[in-house]
Amino acid sequence: MGGGSVAQAKLRPLIPTGATLRAVAIRFSEAFRQEAESHGVQLLERPFEPGDLNGIHLVVSATNDPEANAHVAAQARSRGIWINAVDDPASCDALFASTLRRGPFTLAISTEGAFAGLSRALRLALEDLIPEADPDLDALLELRHQAKRLPLEVRSRALQKLLAEFRSTYFPQPETPRSSR
Ligand SMILES: C[C@@]1(CC(=O)O)C2=NC(=C\c3[nH]c(c(CCC(=O)O)c3CC(=O)O)Cc3[nH]c(c(CC(=O)O)c3CCC(=O)O)/C=C3\N/C(=C\2)[C@@H](CCC(=O)O)[C@]3(C)CC(=O)O)/[C@H]1CCC(=O)O
Ligand SMILES: NC(=O)c1ccc[n+]([C@@H]2O[C@H](COP(=O)([O-])OP(=O)(O)OC[C@H]3O[C@@H](n4cnc5c(N)ncnc54)[C@H](O)[C@@H]3O)[C@@H](O)[C@H]2O)c1
């Protein structure tokens, strides 16, 4: 529910899930409309109606009208549909996490509503640590693939070595031990 910048930020991580998406708003921003239409999202430009929840598994309420958000949340809850109400963690059955994807990695960071900005800050720090296209990571994954062909006795040692390499590449030991800072 909603078609402004906050609704758009919530829509974005749902697109790659492959879910069938429906958006309802009295008025969609041009940016929301463009992004949604390019991903086949169904757009209904009118106020929320309880029937909008038919066949829905998760609803995100991101309008700028607290009364409408509360109404959507109550309707969803009475039908047993999971609700994410922006700005209102107490009404949420599901929270969005700050998500980082790198190749096969998915890192989801959450403070369970305690401080969303902190989740974002940690994501940005991790993003800097692991570049988007990373030959080191690709090589590591390829070696793991090859290690699967090794006999069981040596495989585990080879994988331990690969993991040690991963740790020293991405998380080099600080010169000063943490405990003596
Ligand atoms: C992770 C992320 C995912 C996403 O939105 O997809 C997300 N919020 C993000 C950013 C962000 N949100 C806010 C700021 C300003 C700084 C700050 O206040 O912290 C920033 C930072 C920024 O924008 O720079 C304001 C804010 N957010 C919530 C409240 C209400 C409250 O806390 O009471 C308020 C205060 C509003 C006010 O001022 O009144 C509530 C929620 N926000 C959540 C998720 C859920 C908890 C997740 C968790 O615990 O980690 C939860 C509970 C519900 C939900 O929305 O699912 C996304 C980062 C994406 C990324 O970039 O990686
Ligand atoms: N913009 C921000 O940076 C920000 C940050 C944190 C929290 N918020 C909160 O999130 C809310 C949404 O922010 P935004 O910037 O996307 O607002 P916005 O004004 O751009 O968009 C609000 C959307 O809600 C729709 N809407 C309102 N009543 C409706 C109803 N009954 N049925 C269907 N659609 C309805 C409007 O048509 C519009 O598309 C704000 O109320 C604000 O409290 C915003």
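Every value quoted in this text rests on a predicted model; they were computed, and no experiment measured them. We count ligands from 1, going down the list as the structure has it; atoms in each ligand are counted the same way.
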Please state which option from [options] has its nearest heavy atom closest to [atom].
| atom | options | value |
| --- | --- | --- |
| atom 21 (C) of ligand 1 | Arg123, Lys10, Glu127, Arg120 | Arg120 |
| atom 32 (O) of ligand 1 | Ala121, Gly113, Ser61, Ala114 | Gly113 |
| atom 18 (P) of ligand 2 | Pro47, Gly2, Gly4 | Gly4 |

Report the nearest protein non-hydrogen atom to [atom]: residue, atom name, distance rounded to 0.1 Å.
| atom | answer |
| --- | --- |
| atom 35 (C) of ligand 2 | Thr63 CG2, 3.6 Å |
| atom 1 (C) of ligand 1 | Ser98 N, 3.5 Å |
| atom 31 (C) of ligand 1 | Pro89 CG, 3.6 Å |
| atom 30 (C) of ligand 1 | Asp87 CA, 3.6 Å |
| atom 17 (C) of ligand 1 | Gly117 N, 3.8 Å |
| atom 15 (O) of ligand 2 | Ser5 OG, 3.3 Å |
| atom 29 (C) of ligand 2 | Ile26 CD1, 3.5 Å |
| atom 9 (C) of ligand 2 | Asp87 OD2, 3.1 Å |
| atom 27 (C) of ligand 2 | Asn64 OD1, 3.2 Å |
| atom 51 (C) of ligand 1 | Leu95 CD2, 4.3 Å |
| atom 8 (N) of ligand 1 | Ala116 CB, 3.4 Å |
| atom 50 (O) of ligand 1 | Ser119 OG, 2.5 Å |
| atom 32 (N) of ligand 2 | Phe48 N, 3.0 Å |
| atom 44 (C) of ligand 1 | Phe96 O, 3.4 Å |
| atom 39 (O) of ligand 2 | Arg27 O, 2.6 Å |

Short N-O contact, Arg102 and Asp138, less than 4.0 angstrom
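No, no charged N to carboxylate O under 4.0 Å.
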
For [X] and ligand 1, does the shortest N/O to N/O distance drop below 3.5 Å?
| X | value |
| --- | --- |
| Pro13 | no |
| Glu112 | yes |
| Asp88 | no |

Mind checking whether Phe28 and Phe32 have parallel, tilted or perpendicular rings, split at 30° and 60°?
parallel

Is the closest N or O pair between [X] and ligand 2 shorter than 3.5 Å?
| X | value |
| --- | --- |
| Val6 | yes |
| Gly3 | yes |
| Arg46 | no |

Any idea which part of Ala68 is under 4.0 Å from ligand 2, heavy-atom wise: side chain, backbone, both or neither?
side chain

Under 4.0 Å, heavy atoms only, figure out whether ligand 2 is touched by the backbone of Ala62, its side chain, both or neither.
backbone

Using a strict cut-off of 4.0 Å, indicate which atoms of ligand 1 neighbour a heavy atom of [X].
| X | value |
| --- | --- |
| Thr111 | 48 (C), 49 (O), 50 (O) |
| Ser110 | 48 (C), 49 (O), 50 (O) |
| Phe115 | 19 (O) |

Contact list for residues 115-127, test side chain to side chain donor-acceptor pair (under 3.5 Å), sequence neighbours left out:
Ser98-Arg123, Arg123-Glu127

Could any protein non-hydrogen atom be found less than 4.0 Å from [atom]?
| atom | answer |
| --- | --- |
| atom 54 (C) of ligand 1 | yes |
| atom 38 (O) of ligand 1 | no |
| atom 37 (O) of ligand 2 | yes |

Sidechain-backbone polar pair: His39 side chain, Glu35 backbone, donor-acceptor under 3.5 Å:
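Indeed, once roles are kept as given, a pair shorter than 3.5 Å links the two residues.
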
